[in-house]
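Keep in mind that the numbers below use all heavy atoms, side chains included, and drop hydrogens, waters and symmetry copies. Starting from 1, each residue takes its place in the sequence as its number. Predicted model only: the values in this text are computed from it and were never measured.
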Amino acid sequence: MEKQSGSEIQSNTTRRINMWKLRHVLMDRQKATKPELAQITGLSVVTVNTLISRMLEWGEVMEEGTVPSNGGRPCVQYAYHYGFRKAVIVCAHQERGKTVLRTFVTDLGGKRLWERREVKEEIAIDSFDEAIDEAVRLFPDAILIAFGLPGEACQDEVSICDFQALTGTEFLSRIRERYHLPVLFENDINAMVYGYGSGPGHSSFEPLAGIYFPGNYRPGAGILIDGRIFYGMEHFAGEIGELPVPVPWEELDYGNGGQVEEQLTALLLTVCCLIAPKEIVLYGEFVTDALAGRLEDALAGRLKRRFRTKVTASHSLQEDFEKGMTGLAVREMESRMDDLV
């Protein structure tokens, strides 16, 4: 392979930047004409014309009729084809002591194209095969498989997971080899808080924390800083099950309101002292609005009102989880399009 000159590297970099700018404007607006795209992006009409021609060739945009112009000939309108890229997403969460798996396919616009729900007594290394097999058979143009699971993965190794059969280096490499697709692995509470934080009324500039209490496993936390998941070293950030608390999690009686409130007050106080979040959202079958309110007051008292962290009981675990995984999968697909110039 010939080595590129400095000018060639600069030219390719410029094209990538221009394509990224044009792509995201069109994805956001859904439809636009070339003159509109040139005006919004600041790119020349010639550059926009060249990039749109390429996007038409590989099916990323489509012509969709014409619209009137300012006294001249009607302009062709271009629509972004969100189905240009698709991802298979698998989410697993606890419900009444059992593991619920939801597998679905989404496009670049976050539109759900297919889904399947299963309940599993136990999770083995091949527990996801049947659903993913069906998804890739129905959507052979999928370019990514994304897992939202109760664990952490760094590079090819699942270092921590409530599903013991998935720990180690075999699981992710097996999925890649079986489907010949890149694989994204995200922690469940990370995805939940990412989905919650992308909703209306949330600012990406305000730290946000989420805590998931699956009941039969230790809790885990997700942290958003500047709108991005904070992972820490080896993706260990959020493994709060290791923090000292009044009662070992395995012995906590979730039916004992006083014991639970004392436990959660100690836990949330630690989180507040470490990252001072604007809000902490709690997920768990036992978490109520009343409990969240008492915890918020208790924290404010202990912190002597230096600041007040809002404590929220979420009743939309599945919605936040799947919304977060969809957003993360879309972001990953977009990043893999950067070389399309």
### Task
Would you check, one step at a time, whether the test side-chain contact (heavy atoms from CB on, under 4.5 Å) holds for Thr99 with Glu121?
CA-CA 6 Å; Thr99 301; Glu121 294 288 344; over 6 Å; no
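- Under the side-chain hydrogen bond (donor to acceptor under 3.5 Å, both in side chains) criterion, Arg176 pairs with Asp156, sequence neighbours left out.
- Taking CD1 of Ile125 as the reference point, atom CG of Leu172 lies at 9.0 Å (rounded to 0.5 Å).
- Hydrophobic clustering (ILVMFWY, side-chain heavy atoms < 4.5 Å, transitive): Trp58 and Met337 are in one cluster.
- Legend: residues meeting side-chain contact (heavy atoms from CB on, under 4.5 Å) with Asp141, ordered by chain and number and at least two apart, are Lys86, Phe139.
- Residues passing the side-chain hydrogen bond (donor to acceptor under 3.5 Å, both in side chains) test with Asn49, sequence neighbours excluded: Lys34.
- The aromatic rings of Phe286 and Tyr254 sit tilted, their planes meeting at an angle between 30° and 60°.
- Across Val183, Ile143, Leu144, a single residue satisfies side-chain contact (heavy atoms from CB on, under 4.5 Å) together with Glu332, and that is Leu144.
- Residues meeting the salt bridge (Lys or Arg N to Asp or Glu O under 4.0 Å) test with Arg117, sequence neighbours left out: Glu95.
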### Task
Apply the test side-chain contact (heavy atoms from CB on, under 4.5 Å) to residues Leu208 and Val193: give CA-CA distance (whole Å), side-chain angles for both, the deciding distance (0.1 Å), then the verdict.
CA-CA 8 Å; Leu208 173 66; Val193 75; 3.8 Å; yes
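- Between Glu334 and Arg23 no salt bridge is recorded (no basic side-chain N to carboxylate O distance below 4.0 Å).
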Which donor-acceptor pairs under 3.5 Å do the side chains of residues 196-203 make with protein atoms, sequence neighbours left out?
| unit_1 | atom_1 | unit_2 | atom_2 | d |
| --- | --- | --- | --- | --- |
| Tyr196 | OH | Glu279 | OE2 | 2.6 |
| Ser198 | OG | Tyr194 | O | 3.4 |
| Ser198 | OG | Gly195 | O | 2.8 |
| His202 | ND1 | Tyr196 | O | 3.3 |
| His202 | ND1 | Gly199 | O | 3.4 |
| His202 | ND1 | Pro200 | O | 3.4 |
| Ser203 | OG | Phe205 | N | 3.2 |

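- Within the structure, salt bridge (Lys or Arg N to Asp or Glu O under 4.0 Å) contacts touching residues 309-323 (residues at least two apart or in different chains) are Arg102-Glu322, Arg112-Glu322.
- Note that the CZ atom of Phe128 and the CZ atom of Phe163 stand 6.5 Å from one another [nearest 0.5 Å].
- Minimum heavy-atom separation, Leu181 to Ala142: CD2-O, 3.4 Å.
- If you take CD on Glu130 and OG1 on Thr103, they are separated by 10.0 Å, rounding to the nearest 0.5 Å.
- Pairs of residues two or more places apart, or lying in two chains, that qualify as salt bridge (Lys or Arg N to Asp or Glu O under 4.0 Å) and include a residue from residues 260-278 are Glu261-Arg294.
- In this structure, the side chains of Cys154 and Ser159 stay at 4.5 Å or more apart for every pair of heavy atoms.
- Partners of Glu118 under the salt bridge (Lys or Arg N to Asp or Glu O under 4.0 Å) rule, at least two apart in sequence or in another chain, are Arg116, Lys120.
- Defined by atom type and a distance below 3.5 Å, a donor-acceptor pair is missing between the side-chain atoms of Thr47 and Thr50.
- Considering every non-hydrogen atom in both Ala124 and Ala165, the closest pair reads CA-CB, 4.0 Å.
- Contact annotation: the side chain of Ser53 never approaches that of Leu51 to less than 4.5 Å [non-hydrogen atoms, C-beta and beyond].
- A distance of 11.5 Å separates CG of Leu317 from CG of Leu282, quoted to the nearest 0.5 Å.
- For residues 24-55, the ring pair (Phe, Tyr, Trp, His ring centres under 6.0 Å) pairs, not counting sequence neighbours, are Trp20-His24.
- In this structure the side chain of Leu37 never reaches within 4.5 angstrom of the side chain of Thr33, judged on heavy atoms.
- Annotation for Asn187 and Gly151: closest pair ND2-O, 3.0 Å, computed over non-hydrogen atoms.
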### Task
Begin with the C-alpha distance, continue with both residues' side-chain angles, and end with the deciding distance and a verdict on side-chain contact (heavy atoms from CB on, under 4.5 Å) for Val158 and Glu170.
CA-CA 9 Å; Val158 179; Glu170 183 181 356; over 6 Å; no
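- Linking ILVMFWY side-chain heavy atoms closer than 4.5 Å, directly or via other members, places Ile175 and Leu138 in a single hydrophobic cluster.
- The two atoms that bring Ala146 and Met325 nearest to each other are CB-CE, 3.9 Å, heavy atoms only.
- Following chains of ILVMFWY side-chain contacts shorter than 4.5 Å, one can reach Val48 starting from Met27, so the two form part of one hydrophobic cluster.
- Using a 4.5 Å heavy-atom cutoff, the side chains of Thr312 and Ile280 are not in contact.
- For His81, there are no ring-ring contact (aromatic ring centres under 6.0 Å, His included) partners two or more places apart in sequence or in a different chain.
- Residue Thr106 comes nearest to Met333 through the heavy atom pair O-CE, 4.3 Å, listed as atom of the first residue, atom of the second, then distance.
- Linking ILVMFWY residues whenever their side-chain heavy atoms come closer than 4.5 Å, directly or via other members, leaves Met62 and Leu113 in distinct clusters.
- The ring of Tyr80 has its center closer than 6.0 angstrom to the ring center of Tyr82.
- Contact of the Glu157 side chain with the Thr167 side chain is not registered, since no non-hydrogen atoms from C-beta on lie closer than 4.5 Å.
- Distance alone, capped at 3.5 Å, is enough to place a donor-acceptor pair between the Glu296 side chain and the Val311 backbone.
- Val90 and Tyr212 fall into different hydrophobic clusters, defined by Ile, Leu, Val, Met, Phe, Trp and Tyr side-chain heavy atoms under 4.5 Å apart, directly or through other members.
- Ring planes of Phe321 and His93: perpendicular class, angle over 60° (limits at 30 and 60°).
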### Task
Go through the steps for Ile145 and Tyr179 under the test side-chain contact (heavy atoms from CB on, under 4.5 Å), then give the verdict.
CA-CA 9 Å; Ile145 298 174; Tyr179 300 103; 3.7 Å; yes
Side-chain atoms of residues 227-249: list all donor-acceptor pairs with protein atoms under 3.5 Å, sequence neighbours left out, distances to 0.1 Å.
| unit_1 | atom_1 | unit_2 | atom_2 | d |
| --- | --- | --- | --- | --- |
| Tyr231 | OH | Glu186 | OE1 | 2.6 |
| His235 | ND1 | Ala153 | O | 3.1 |
| Glu242 | OE2 | Arg218 | NH1 | 3.2 |

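- Of the inter-residue distances, the one linking Leu328 atom CG with Asn190 atom CG reads 8.5 Å to the nearest 0.5 angstrom.
- Annotation: side chain of Phe213 is in contact with side chain of Leu264 (closest heavy-atom distance under 4.5 Å).
- Within 6.0 Å of atom CD in Gln155, 12 or fewer heavy atoms from other residues, nucleotides or ligands are found, so the atom counts as exposed in its surroundings.
- Between Leu303 and Leu269 the shortest side-chain heavy-atom distance falls below 4.5 Å.
- Here the CD atom belonging to Glu36 is positioned 8.0 Å from the CD atom belonging to Gln39, to the nearest 0.5 angstrom.
- The minimum heavy-atom distance linking Glu122 with Ser127 is given by the pair O-OG, 4.0 Å.
- At a threshold of 4.5 Å between non-hydrogen side-chain atoms, the residues Leu26 and Leu22 do not count as touching.
- Taking the side-chain contact (heavy atoms from CB on, under 4.5 Å) definition, one finds that Arg178 meets it with Asp129, Asp133, Arg174, sequence neighbours left out.
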